[in-house]
Amino acid sequence: MKQLRIRIVGGSLAGLFAGIMLQQAGHDVCIYERSKNGLAGRGAGLVGQSDLLHILRLIGCEHVARVGVVATERIYLNHDGSIAQTVNMPQTQISWDVLFETVESRIAPETYFLGREVVDVRDGDSGATLIFGDGTRETADLVIGADGLGSVVRGAVNPKHTENRYSGYVAWRGLIPEASLPMAAALLLDRFAFHVRPGVHSLGYLVPGSKGEISRGSRRYNWVWYRKVAPSDLAFTFTDLDQRVHPFSLPRGGLSNDRLQALRTDAAQTLPPQFALAVAVEPSPSIQGIFDYEAPRMAGRSIVIIGDAAFVARPHTAMGVSKAAGDVMALINCLASAVDLHAALQRFEVDRISVGREIVAYGRQLGTSAI
Ligand SMILES: Cc1cc2nc3c(=O)[nH]c(=O)nc-3n(C[C@H](O)[C@H](O)[C@H](O)COP(=O)(O)OP(=O)(O)OC[C@H]3O[C@@H](n4cnc5c(N)ncnc54)[C@H](O)[C@@H]3O)c2cc1C
């Protein structure tokens, strides 16, 4: 296919994978990311699954996936902190930040724009138009929506179906230096630990340090506590100290001292003592709403949506990044082999829509037994 002018909305991993591979294929590509300061330094860890490893090879970044923190086994804790079950299931967590920074270094820097928020997109037969928050506009042969959970681009492809569906529970999260975990919780280290009983689900694992450190003492402990929240209480749950209501989460630093103390009290009563200690030493937990979204269509006439813009799966699947990588590789193949853009986008949708649906369904199934 001829060289296309392609504009990507969203500069996280889905947008970067797409941008790098499309630049490698010779297209004219720019990425617009709304964050003013960039995304580096804000992630934790992830499991390197096959589509991720594949795309990393294609963009020359396979070395990132070789460095991670290994959990040698899974343990299931009783409420009193004793081990109910041990499963031999080694798993490696790689650093999201190192992955992001390494991948970001492969995009041509003059084509990646921070602080550029897209507020609307218009589809057309021979191109699409981006409208930015400052009122400026830009046209492209193809617009790729890689703008995640709160995607504005998905609305141009699915005007009547843009809303994420709230699952009924949220994930409280903490990310603490390994060294701050009290000795009495040492059982948690080097293992993937769970505590699951009716209505209660918590887990935790080590991830690399903020700069990707994997040596003992310099790693971080990531804990997650899934908790039910009624839909009517969601706005309060996501209200920060400045009374701003966030749509999908409460970022770190947004929790009042009263709510922090209440969390610690609840954890001491509800969780095994090791997890309660991990919760107690986290000064700034965050809260992530758990949502599902399935796009009825992934392709319009000159627009396509990928990653979390198209399908939001629950975190139990640990497949967000891998799913984005799979979308991008399929899109590149379709653009390379189809006779025209329209045929490429239709073929891409056929290839990936069932994969997205299956992953969302799998996440929902895991979620049903999760809490
Ligand atoms: C800062 C950050 C940290 C993460 N840490 C982890 C982690 O530790 N472990 C893990 O498994 N997953 C993590 N994730 C999620 C994981 O990266 C995603 O599941 C994966 O990248 C696929 O999502 P995505 O790229 O489609 O969407 P996202 O990662 O959600 O990215 C969407 C991007 O689009 C931008 N955007 C949204 N709307 C607009 C707009 N209107 N105009 C311009 N830009 C817009 C957002 O700022 C964001 O950068 C993290 C994501 C982010 C953004």
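All ligand and atom numbering here is 1-based and tracks the order in the structure.
- Residues N78 and S82 bring a donor and an acceptor atom of their side chains to less than 3.5 Å of each other.
- Near G307, with a cut-off below 4.0 Å to any heavy atom, the atoms of ligand 1 are 26 (O).
- Relative to the ring axis of Y362, R314 does not place its NZ or CZ within 45° and under 6.0 Å from the centre.
- Under 4.0 Å from ligand 1, the heavy atoms of A146 that appear belong solely to its backbone.
- Atom CD of E163 has 12 or fewer neighbouring heavy atoms from other residues, nucleotides or ligands inside a 6.0 Å radius.
- By the 6.0 Å contact criterion, NE2 on H161 is enclosed, its count of non-hydrogen atoms from other residues, nucleotides or ligands being greater than 12.
- Residues R42 and N37 have side chains that never bring a donor and an acceptor to within less than 3.5 angstrom of each other.
- Distances below 4.0 Å separate heavy atoms of G320 from the following atoms of ligand 1: 19 (O), 22 (C).
- Residue L39 approaches ligand 1 through these ligand atoms, each under 4.0 Å from one of its heavy atoms: 49 (O).
- Close approach of ligand 1 to V9 is summarised as follows: ligand atoms under 4.0 Å from at least one heavy atom of the residue are 40 (C), 42 (N), 43 (C).
- For ligand 1 and G43, the ligand atoms under 4.0 Å from any heavy atom of the residue are 3 (C), 5 (N), 8 (O).
- For atom 31 (O) of ligand 1, the closest heavy atom belonging to the protein is S12 CB, 3.0 Å.
- Of the protein's heavy atoms, W96 CZ2, 3.7 Å lies nearest to atom 52 (C) of ligand 1.
- Close N/O approach between I306 and ligand 1 is not found [any backbone or side-chain N/O within under 3.5 Å].
- Atom CZ of F113 has more than 12 heavy atoms from other residues, nucleotides or ligands within 6.0 Å.
- Shown are D292, T317, I359; of these, the side chain to side chain contact (heavy atoms under 4.5 Å, CB included) with R364 is made only by D292.
- The side chain of V152, and not its backbone, has at least one atom closer than 4.0 Å to an atom of ligand 1 (non-hydrogen atoms only; side chain from C-beta on).
- Residue D308 places at least one N or O, backbone or side chain, under 3.5 Å from an N or O of ligand 1.
- Between the side chains of D134 and T136, at least one donor N or O lies within less than 3.5 Å of an accepting N or O.
- Checked by distance only, ligand 1 and V118 come closer than 3.5 Å through their nitrogen or oxygen atoms.
- Near E117, with a cut-off below 4.0 Å to any heavy atom, the atoms of ligand 1 are 41 (N), 42 (N).
- Listed by chain and residue number, E73, I75, I83 satisfy the side chain to side chain contact (heavy atoms under 4.5 Å, CB included) test with T86 (two or more places apart in sequence, or in another chain).
- Near R116, meaning under 4.0 Å from one of its heavy atoms, ligand 1 places the atoms 42 (N), 43 (C).
- Of all the listed residues (K36, E33, R34, M319), R34 holds the heavy atom that lies closest to atom 38 (N) of ligand 1.
- Heavy-atom proximity to atom 30 (O) of ligand 1, evaluated over G148, S35, G15, is greatest for G148.
- R227 forms a cation-pi arrangement with W172, by the criterion of a distance under 6.0 Å to the ring centre and an angle within 45° of the ring axis.
- Contacts of D141 classified as salt bridge (charged side-chain N to carboxylate O under 4.0 Å, His left out), with partners at least two apart in sequence or in another chain: none.
- Within the 4.0 Å heavy-atom criterion, both parts of L13, backbone and side chain, lie near ligand 1.
- When only non-hydrogen protein atoms are considered, atom 11 (O) of ligand 1 lies nearest to L46 CB, 3.6 Å.
- Only backbone heavy atoms of Y32 (N, CA, C or O) come within less than 4.0 Å of ligand 1; its side chain stays farther off.
- Remark: ligand 1 atoms within the under-4.0 Å shell around heavy atoms of G45 are 7 (C), 8 (O), 9 (N), 10 (C), 11 (O).
- Summary of contacts: the protein heavy atom closest to atom 37 (C) of ligand 1 is D147 O, 3.3 Å.
- Atom CZ of R197 has more than 12 neighbouring heavy atoms from other residues, nucleotides or ligands inside a 6.0 Å radius.
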